[in-house]
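Shown next, in structure tokens, is the structure this report addresses.
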Amino acid sequence: MADKRDAGFVDDFRPVRLLAQDSQDLAVISALMQDAVVLPNDIGWLQGQRRFALVANRFRWEDPEAEERVRAGLHAENVRKVRSRGVDAAAQDKPISVLSLTFEPNPADEGDPSGTLRIACAGGAEFLIEVEALEVAMRDMTKPWAAKSRPEHEAEEDA
């Protein structure tokens, strides 16, 4: 009999596949990508394809019973420019922990779909991805496996 913690034997696993084209959709992807761990060499801007992509080990927040991670791909389309802050490009083996994904529309025309996709990471690091229009896809790529631990967050104090 398989160990319950070894998710590699789960036959009924259904991979998550999501597409965000507005801030509300992106909030769902952000919640699922929270605490995802990615190595800098698993992040890339494919300038010729106008795509920003990364592959991460994300915690499976969608299953409250599971303490599992799964390899997931995330990519943004229609990318004009990519900037990063607080990311040490020389530390290719130092994991980066994703905190959130948000979209800030350009303050121009109300009909202008362009803006900045912001991927905030632990330690103040972030990626700023300028897009012509928001189009972010997330897809699980492997079966899940048992996580070493459940990510913990400090409780917010009452103001």
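In this text the structure is predicted, and so the values were computed from the model without any measurement.
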In short, A125 meets G86 closest at the heavy-atom pair CB-O, 3.4 Å
Minimum heavy-atom distance between R69 and A36, given as atom pair plus value: NH1-CA, 4.1 Å
Exactly one candidate in V87, I96, V82, L74 meets side chain to side chain contact (heavy atoms under 4.5 Å, CB included) with I43; the answer is I96
For a side chain to side chain contact (heavy atoms under 4.5 Å, CB included) with M33, tell me which candidate from I119, V38, L54, V136 qualifies. L54
Would you compute the distance between atom NZ of K143 and atom CD of E68 and round it to the nearest 0.5 angstrom? 11.5 Å
Interatomic distance, CD1@I129 vs OG@S84, rounded to 0.5 Å, equals 10.0 Å
One should read off an interatomic distance between R85 CZ and R118 CZ, to the nearest 0.5 angstrom, of 6.0 Å
So do V131 and T116 actually touch side chain to side chain, heavy atoms under 4.5 Å? no
Less than 4.0 angstrom from a charged side-chain N to a carboxylate O is my criterion; do D140 and R14 meet it? no
Can L134 and Q21 be said to form a side-chain contact (heavy atoms from CB on, under 4.5 Å), step by step? CA-CA 5 Å; L134 183 65; Q21 294 182 316; 5.7 Å; no
Looking only at side chains, do R71 and N57 share a donor and an acceptor under 3.5 Å apart? yes
Before accepting this row, confirm whether a basic side-chain N of the pair R50/E77 lies closer than 4.0 Å to the acidic partner's carboxylate O. no
Drop me the distance from E104's CD to L128's CG, to the nearest 0.5 angstrom. 7.5 Å
Might you work through the side-chain contact (heavy atoms from CB on, under 4.5 Å) test for R139 and V16, ending with a clear yes or no? CA-CA 6 Å; R139 179 176 166 239; V16 174; over 6 Å; no
Check the hydrophobic clustering (I, L, V, M, F, W, Y; side-chain heavy atoms under 4.5 Å; chains of links allowed) and say if L101 and F103 are grouped together. yes
About how many Å separate CH2 of W45 and CZ of R51, when rounded to the nearest 0.5 Å? 14.0 Å
Contact summary for F59 and A147, nearest pair of heavy atoms: CE1-CB, 3.9 Å
Is I29 reachable from F52 through a run of I, L, V, M, F, W or Y residues, each pair having side-chain heavy atoms under 4.5 Å apart? yes
Do F127 and V55 sit in the same hydrophobic cluster, where Ile, Leu, Val, Met, Phe, Trp and Tyr count as joined when their side-chain heavy atoms come under 4.5 Å apart? no
Should the pair R83-E126 be classified as a salt bridge under the 4.0 Å nitrogen-to-oxygen rule? no
Looking only at heavy atoms, what is the nearest atom pair of N106 and S114, with distance? ND2-OG, 2.7 Å
May I have the step-by-step check of side-chain contact (heavy atoms from CB on, under 4.5 Å) for Q34 and W61, ending in yes or no? CA-CA 8 Å; Q34 182 178 3; W61 290 113; 4.1 Å; yes
Looking at A137 and L19, what are the two nearest heavy atoms and their distance? CB-CD1, 4.2 Å
Atom of M141, atom of A72 and distance for their closest heavy-atom approach: SD-C, 3.8 Å
Apply side-chain contact (heavy atoms from CB on, under 4.5 Å) to residues E130 and V79 and explain how you reach the verdict. CA-CA 6 Å; E130 293 180 22; V79 176; over 6 Å; no
Report yes if the side chains of E132 and R80 come closer than 4.5 Å at any heavy-atom pair, otherwise no. yes
So do M138 and L32 actually touch side chain to side chain, heavy atoms under 4.5 Å? yes
